[in-house]
2 protein chains.
Amino acid sequence: MGMYCWGMARAATTSDAFNAVAEPRRRAILNYLAMQERPVGEIVDSLGLEQPSVSKHLRVLLEVGLVNVRRDGRRMLYRTNAEAIRPLHEWTETFERFWRHQLSRIKERAEGKSNPSKDSGPHFIPRRKNDFDSNKN
Amino acid sequence: MGMYCWGMARAATTSDAFNAVAEPRRRAILNYLAMQERPVGEIVDSLGLEQPSVSKHLRVLLEVGLVNVRRDGRRMLYRTNAEAIRPLHEWTETFERFWRHQLSRIKERAEGKSNPSKDSGPHFIPRRKNDFDSNKN
DNA sequence: TTGACATATGCCCATATGGGAATGTATTGT
DNA sequence: ACAATACATTCCCATATGGGCATATGTCAA
């Protein structure tokens, strides 16, 4: 019967910049290629990764437009296409006002009174059994 | 014999904020919970997702500190912890000067002469067979 | 205490990796 | 044409999902 798409598990790293930069080495590569174009070999030497690995990461970055390539003899010169990072910057930027807000609230509270009661905790994980404020029982 | 860690395939979504926000619905949730704390049910109704799905995403967000929780009766009030998004903002920000640079270069070129030769293409994928500038053969 | 309500988890399963190793392909030099 | 150099791709395989569904937990109301 009609079971089209079933589990998609997780979006492809090649589906968008957000997924692509989720990988630390890819961010490292983008950092490395930001100011200057470089051949694959230099990335390999510089970041200490395996060549096939670097090629694969570059492929992913290329597919989402985070890098550009140019051939130079037998070398492939890659370079970060900063413009493609812009959407991420803009998304994160929409939260800037909120963290400023939170900071001021925290500061306020810190100066006001040394009350150790957390705002619900910096962030706190309910591992299994819910026992948030189990001050009953 | 000693084969410690083998394939790690991909970092866990709970390993860091970058991985956590790679998922579109999680970003949607973060947007939704940015200005005000909300119970799970409202997220479900508002974003049109299944409740278990929302709970799982919230769990991921919670583990990397992107949201905070607070219990209110039988409801769990979640809220975005903008502070945790800051590292992403800062990383993307390091590329800002580069895209400004590129924009000016593009603009310059566009005004200079209407030369259709691409800078190596906006970004261009070498699908299989390498045929970058195969103007030989 | 019992039932309703609000969430969180557990299960099952297909998909998308990402590393390592081996191999294919393109380009240059002689 | 042939070897060397520089990359890209393929295979194999374990891991981390994420959706749908059923079910467990926790809390409150009568």
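Within every chain, numbering begins at 1; the chains are lettered A, B, ... in the order of the sequence lines, protein sequences first and strands thereafter. Atoms considered below: every heavy atom in the structure, side chains included; atoms not considered: hydrogens, waters and symmetry mates.
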Do the side chain of Gln51(B) and the base of dA6(C) come within less than 3.5 angstrom through a donor-acceptor pair of N or O atoms?
no
For the pair made of [atom1] in [X] and [atom2] in [N], what is the distance, rounded to whole Å?
X	N	atom1	atom2	result
Arg75(B)	dT27(D)	CZ	P	14 Å
Glu63(A)	dT17(C)	CD	C1'	13 Å
Asp16(A)	dA16(C)	CG	C1'	14 Å
Lys56(B)	dG10(C)	NZ	C1'	8 Å
Arg10(B)	dA14(C)	CZ	P	19 Å

For Arg26(B) versus Thr13(B), what's the shortest heavy-atom pair and its separation?
NH2-CG2, 3.2 Å
Check whether any side-chain nitrogen or oxygen of [X] sits under 4.0 Å from OP1 or OP2 of [N], and answer yes or no.
X	N	answer
Arg71(B)	dT7(C)	no
Ser53(A)	dG19(C)	yes
Arg74(A)	dA4(D)	no
Ser55(B)	dT7(C)	no
His57(B)	dG19(D)	yes
Tyr78(B)	dA8(C)	yes
Arg26(A)	dG18(C)	yes

Heavy atoms only, 4.0 Å cut-off, all strands: where does Pro39(B) land among base, sugar-phosphate and nothing?
sugar-phosphate
Parallel, tilted or perpendicular: which fits the ring planes of Phe95(A) and Phe98(A), with parallel below 30° and perpendicular above 60°?
tilted
Kindly assign one of parallel, tilted or perpendicular to the pair His89(A) and His89(B), based on the angle between their ring planes and the thresholds 30° and 60°.
parallel
When you check the gap from the basic side-chain N to the acidic O, do Arg86(B) and Glu90(B) get nearer than 4.0 Å?
yes
Honestly, is Arg38(B) close enough over Tyr32(B), meaning NZ or CZ under 6.0 Å from the six-membered ring centre and within 45° of the axis?
yes
Return whichever of Thr13(A) or Val54(B) has its heavy-atom-nearest nucleotide of DNA chain C closer to the 5' end.
Val54(B)
Which residue lies more 5' along DNA chain D, comparing Ala11(A) with Val40(A) via nearest heavy atoms:
Val40(A)
